[in-house]
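A short worksheet on the structure shown next.
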Amino acid sequence: MAQRSGKITLYEGKHFTGRKLEVFGDCDNFQDRGFMNRVNSIRVESGAWVCFDHPDFRGQQFILEHGDYPDFFRWNSHSDHMGSCRPVGMHGEHFRLEIFEGCNFTGQCLEFLEDCPFLQSGGWAKNCINAIKVYGDGAAWSPSSFGAEDFQVSSSLQSDQGLEEATTKPATTQPPVLTAKL
């Protein structure tokens with residue numbers, strides 16, 4: 001079973017000013033807790049978090065690790081709109097992720113059983129992935145600073161339509177963190 005815990009504090013103002021909301025677990029709607037959907041700074045005190053720009057864990061996802069984010073540009077957002085968040089489960093005992101060159105799980109395949117900081121160092125020479133299979137608890141993301149939107153894939157969300165489709169669907173489970181950069 002993946003462990004899910006942590007603390008994140010969301011602030012209405014930049015540089016940790018204004019009203020704040022402290023979250024220790026799943027929060028499907030900030031407005032239900034009396035906090036508007038405007039978030040201009042974030043402090044992740046523990047754990048890793050996935051934040052969504054809409055309530056109910058929908059919309060664009062932002063993966064945040066421990067640290068301070070004094071304005072929304074720091075988590076690669078284009079606006080201060082955010083509606084929900086939840087902790088990302090940490091490493092489970094068993095997980096495996098396979099990436100494929102072609103759609104429908106065809107072409108070159110590369111398997112991951114642990115974190116891979118760069119796909120090229122793991123033997124992947126391509127610039128794109130067209131299909132992903134996740135076995136057990138697993139997750140993957142690529143920061144916007146590397147030219148792609150954030151995405152998260154779990155064992156209940158597998159895509160053979162490329163990464164863009166994976167970015168548009170919210171994850172339905174809390175997988176452990178398995179990171180790779182294109």
Side-chain angles (χ1 to χ4, degrees), residues 2-92 97 115-119 132 134 137-154 156-157 159 163-182:
Q3 175 189 5
R4 295 180 46 214
S5 64
K7 179 181 178 186
I8 187 170
T9 305
L10 311 161
Y11 296 85
E12 285 184 337
K14 291 181 180 179
H15 302 284
F16 319 106
T17 61
R19 294 183 52 209
K20 67 181 182 178
L21 173 65
E22 292 182 340
V23 180
F24 298 90
D26 289 11
C27 182
D28 64 352
N29 192 330
F30 296 160
Q31 288 183 338
D32 289 349
R33 296 194 185 183
F35 193 78
M36 298 308 291
N37 292 16
R38 301 290 178 224
V39 177
N40 280 289
S41 55
I42 297 175
R43 180 167 282 139
V44 177
E45 298 183 39
S46 60
W49 291 78
V50 58
C51 298
F52 301 81
D53 65 353
H54 292 289
D56 300 319
F57 313 115
R58 296 173 45 112
Q60 186 173 3
Q61 302 175 16
F62 304 97
I63 305 293
L64 303 173
E65 295 177 320
H66 183 268
D68 290 345
Y69 302 83
D71 58 60
F72 59 79
F73 296 111
R74 300 295 174 112
W75 63 84
N76 295 317
S77 181
H78 301 291
S79 75
D80 63 354
H81 192 78
M82 190 174 292
S84 56
C85 68
R86 62 182 171 204
V88 175
M90 301 311 282
H91 285 291
L97 183 135
D115 286 354
C116 177
F118 296 96
L119 292 177
I132 299 173
V134 178
D137 296 325
W141 68 78
S142 177
S144 296
S145 60
F146 287 87
E149 295 295 325
D150 294 339
F151 67 94
Q152 180 176 347
V153 179
S154 72
S156 61
L157 170 63
S159 175
L163 297 183
E164 286 188 24
E165 176 158 331
T167 65
T168 62
K169 295 181 180 178
T172 56
T173 64
Q174 283 61 54
V177 178
L178 174 72
T179 60
K181 296 174 186 168
L182 291 174

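Along the sequence shown, the residues carry numbers beginning at 1.
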- Message: Once ring pair (Phe, Tyr, Trp, His ring centres under 6.0 Å) is applied, do any residues pair with Tyr11, and if so which ones, sequence neighbours excluded?
- Response: Phe16

- Using ring pair (Phe, Tyr, Trp, His ring centres under 6.0 Å) as the criterion, list what pairs up with His81, not counting sequence neighbours. His54

Enter the distance from [X]:[atom1] to [Y]:[atom2] here, rounded to the nearest 0.5 Å.
X     : Y     : atom1 : atom2 : result
Leu64 : Tyr69 : CG    : OH    : 4.5 Å
Gln61 : Ser84 : CD    : OG    : 9.5 Å
Ile8  : Cys27 : CD1   : SG    : 10.0 Å
Phe72 : Cys51 : CZ    : SG    : 14.5 Å
Leu10 : Phe30 : CG    : CZ    : 4.5 Å

List in chain and number order the residues that pass side chain to side chain contact (heavy atoms under 4.5 Å, CB included) with [X], two or more places apart in sequence or in another chain; answer none if no residue qualifies.
X     : answer
Thr17 : none
Glu22 : Lys7, Thr9, Lys20, Phe24
His66 : none

- Salt-bridge criterion met for Lys14 and Asp71 (N-O under 4.0 Å):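 Not counted as a salt bridge, because no side-chain N and carboxylate O are separated by less than 4.0 Å.
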
Could you tell me if the side chain of [Y] sits less than 4.5 Å from the side chain of [X], heavy atoms only?
X     : Y     : result
Phe62 : Ile42 : no
Arg43 : Glu45 : yes
Arg86 : Phe57 : yes
Asn37 : Met82 : no
Phe35 : Glu12 : yes
Val50 : Cys85 : no

Could you work out, with salt bridge (charged side-chain N to carboxylate O under 4.0 Å, His left out) as the rule, every residue matching [X], not counting sequence neighbours?
X     : result
Asp28 : none
Arg74 : none
Asp80 : Arg38

- Message: Between Val39 and Trp75, is the side-chain contact (heavy atoms from CB on, under 4.5 Å) condition met? List the steps.
- Response: CA-CA 11 Å; Val39 177; Trp75 63 84; 4.1 Å; yes

- Message: Looking at every non-hydrogen atom in both residues, tell me the closest pair between Trp49 and Val88 and how far apart they are.
- Response: C-CG2, 3.7 Å

- Item | Nearest heavy-atom neighbours spanning Asp53 and Arg58 | OD1-O, 3.7 Å

- Task: Check whether any side-chain N or O of Ser41 sits under 3.5 Å from a backbone N or O of Gly13 as a donor-acceptor pair, and report yes or no.
- Result: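 Yes, Ser41 side chain to Gly13 backbone: donor-acceptor pair under 3.5 Å.
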
